There are 2 protein chains.
Amino acid sequence: MSLRIAIFDDNKNIRESISLLLKTVPSFEVVGSFSHVLDCVEDVRDCKPDIVLMDIEMPGMTGIEAVIAIRKEYPHIQILMQTVFEDDDRVFDSICAGASGYILKNHLNTKLVEAIMELQYGGSPMSPSIARKVLGKLQQIPQHIKPEEAPDYHLTPREKEVLACIVEGLSYKMIADRLSISYETVRSHVKKIYEKLHVASLTEAVAKAINQRIV
Amino acid sequence: MSLRIAIFDDNKNIRESISLLLKTVPSFEVVGSFSHVLDCVEDVRDCKPDIVLMDIEMPGMTGIEAVIAIRKEYPHIQILMQTVFEDDDRVFDSICAGASGYILKNHLNTKLVEAIMELQYGGSPMSPSIARKVLGKLQQIPQHIKPEEAPDYHLTPREKEVLACIVEGLSYKMIADRLSISYETVRSHVKKIYEKLHVASLTEAVAKAINQRIV
DNA sequence: TCACCTATCCCCACTTCCGGTGAGTACCTA
DNA sequence: TAGGTACTCACCGGAAGTGGGGATAGGTGA
């Protein structure tokens, strides 16, 4: 089973030399070669590559937008970016957009095959400087997700169930039906929830429940 | 100005050979060498390193916990992990904990100096397979933040104000006061919001507003 | 055994919200 | 100038939520 590769690059010479290079590897098969990315999703659909080699600078639509478009439709396809400058924010942006790695254009001859092999085996070839940017991003983001974790309001399991229903937007009557208890029981649970969460209305309870991930 | 390096490794031979190796580089200075990480924060405080070389397997407290502790107190310090096995989840965990890169123990002789140089110049040396894991994490997280970004409900500015008040848990009357409009006006805004968000109660509106970050 | 918690249920009086309908003013664009 | 949109306000009747009170039953642990 050969590895299907598609090439996107606006320079005809580069496309052809890449093509020639890849044809020296028996397990590689170049299934497409395109000079622009305006129809990239259709192109990919038609030639069904396992790996896409994408120039970061493309006319019309940038390589980064192409990455987003292709990943959206075909998330299993690995995309390797080609770039002239290593320390380019666009490299980082491509990575964030879903590219699996990148290679410098003037390393194509020596390292392209190696890089594709790494992609195939689940690696992501990238230089330390880009790796650092990625790390920075990674360490930055999660702190925004859970800043004020969970002050634990000691809700009983039943109360949590009721709260979950409230967050869904159900009325007391609907909650009573779903939990097979009476309307009045729902009410007493809600009263307890209000006490424990220090709120006085459903809307406040919903806001608190979602923001503090109680549900 | 020399680069100050501290070594944490429970194996005395490794500490000494690393030390010897680093002393061959004039611009490097080994300012500390420790066999355990139980006092790592104090050790770092005392010897003021620019770069910490940390064994991932340490007795008592793991290297990963040490990374967290050191980064918490001294976030500017670069930490380079040492590991025996490349494809180790702990390597990935260290990276997430704040390490800036890692190196394989049996590459110490050949690549340690290079790796430290890369750290110094703002890079993060890591293998493609770890890089892939990091990318996976990066692409996974932000999607939780903005899952279905913005179906854009075309709320007018005023409607967004009202919605924000609702999410705060305010009653119609309170909203009317805050926005200096009548109760009935608040009501008509809310009706529009219900239409646009396809909801039929405050609780649903709050849930939708928070989950889809409309506010 | 008794105190405590959880879960269940009930009533009353009051407040707030909901859906529908209608309407006036102001601004902007075609 | 006509039409669209945003913002404002009002009334009615019905539905739903809120706050206060009290009650029963089962389980747990001191």
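Order of the sequence lines fixes the chain letters, A, B, ..., with proteins taken first and strands second; residue numbering starts at 1 for each chain. Everything quoted here is computed from the prediction, not taken from an experiment.
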**Fill in**
Test side-chain contact (heavy atoms from CB on, under 4.5 Å), reference A:Ile18, set A:Asn109, A:Leu112, A:Asn11, A:Ile5, output is A:Leu112
**Prompt:** For residues 40-71 of chain B, which residue pairs qualify under ring pair (Phe, Tyr, Trp, His ring centres under 6.0 Å), counting only residues two or more places apart or in two chains?
**Reply:** none
**All side chain to side chain contact (heavy atoms under 4.5 Å, CB included) counterparts of A:Lys111, not counting sequence neighbours** = A:Ile103, A:His107, A:Glu114
**Fill in**
Residues A:Ala69 and A:Cys40: closest non-hydrogen pair is CB-SG, 4.4 Å
**Request:** Go through the steps for B:Val44 and B:Glu73 under the test side chain to side chain contact (heavy atoms under 4.5 Å, CB included), then give the verdict.
**Result:** CA-CA 9 Å; B:Val44 165; B:Glu73 292 298 318; over 6 Å; no
**Request:** Would you please name every residue forming a salt bridge (Lys or Arg N to Asp or Glu O under 4.0 Å) with B:Lys208, sequence neighbours left out?
**Result:** none
**Nucleotide of C:dC10, D:dC9, C:dC18 approaching B:Tyr172 most closely (side-chain heavy atoms)** = C:dC18
**Complete:** side-chain contact (heavy atoms from CB on, under 4.5 Å) test vs B:Val67 passes for just one of B:Ile79, B:Ile77, B:Val37, namely B:Ile79
**Asked** Which is true for A:Ser171 with a 4.0 Å heavy-atom rule: it touches a base, it touches only sugar-phosphate, or it touches nothing?
**Response** sugar-phosphate
**Message:** Whether the side chain of A:Arg187 and the base of D:dG22 hold a donor-acceptor pair under 3.5 Å is what I'd like checked.
**Reply:** no
**Complete:** B:Leu155 atom CG is separated from D:dC7 atom C1', nearest whole Å, by 14 Å
**Message:** So if I take residues 189-205 of chain B and measure heavy-atom distances to DNA chain C, which residues fall below 4.0 Å?
**Reply:** B:Lys191, B:Tyr194, B:Ala200, B:Ser201, B:Leu202
What nitrogen or oxygen pairs link the protein and nucleotides 24-30 of chain D at under 3.5 Å?
none

**Message:** Can you measure A:Glu184 atom CD to C:dC10 atom P for me and round it to whole angstrom units?
**Reply:** 7 Å
**Fill in**
B:Ile175 CD1 to D:dT8 C1', in whole Å, measures 16 Å
**Asked** Charged N to carboxylate O under 4.0 angstrom, B:Glu159 versus B:Lys196?
**Response** yes
**Request:** Identify the heavy atoms of A:Ala99 and A:Met81 that sit nearest to each other, and give their distance.
**Result:** CB-CG, 3.6 Å
**Item:** By ring pair (Phe, Tyr, Trp, His ring centres under 6.0 Å) - contacts of B:Phe8 (at least two apart)
**Value:** B:Phe34
**Request:** Would you indicate, yes or no, if C:dC9 has its OP1 or OP2 atom less than 4.0 angstrom from a side-chain nitrogen or oxygen of A:Thr185?
**Result:** yes
**Request:** Within residues 176-183 of chain A, find the residues that approach DNA chain C with a heavy atom at under 4.0 Å, and present them sorted by residue number.
**Result:** A:Ile181, A:Ser182
**Asked** Within this structure, what is the CD-to-C1' distance between A:Glu161 and C:dT8, rounded to whole angstrom?
**Response** 14 Å
**Cationic N near anionic O, under 4.0 Å, A:Glu42 to A:Arg45** = no
**Request:** Just grab all the ring pair (Phe, Tyr, Trp, His ring centres under 6.0 Å) pairs involving residues 35-83 of chain B, residues at least two apart or on different chains.
**Result:** none
**Item:** Residues B:Lys192, B:Glu195: salt bridge by 4.0 Å N-O rule
**Value:** no
Which pairs, protein N/O on one side and nucleotides 3-5 of chain D N/O on the other, fall under 3.5 Å?
none

**Prompt:** Between A:Glu57 and A:Lys105, does at least one N-O distance fall below 4.0 Å, as a salt bridge requires?
**Reply:** no
**Asked** Separation of A:Lys173 atom NZ from D:dG14 atom P, in whole Å?
**Response** 15 Å
**Fill in**
The contact string for nucleotides 23-30 of chain C, one letter per nucleotide 5' to 3', using protein heavy atoms under 4.0 Å with B, S and - for base, sugar-phosphate only and none, comes out as --------
**Request:** Figure out the NZ/P separation between B:Lys160 and D:dC7, and round it to whole Å.
**Result:** 11 Å
**Message:** Could you work out, with side chain to side chain donor-acceptor pair (under 3.5 Å) as the rule, every residue matching B:Ser35, not counting sequence neighbours?
**Reply:** none
**Message:** Restricting to side chain to side chain donor-acceptor pair (under 3.5 Å), what partner residues turn up for B:Gln78, sequence neighbours left out?
**Reply:** A:Arg132, B:Ser100
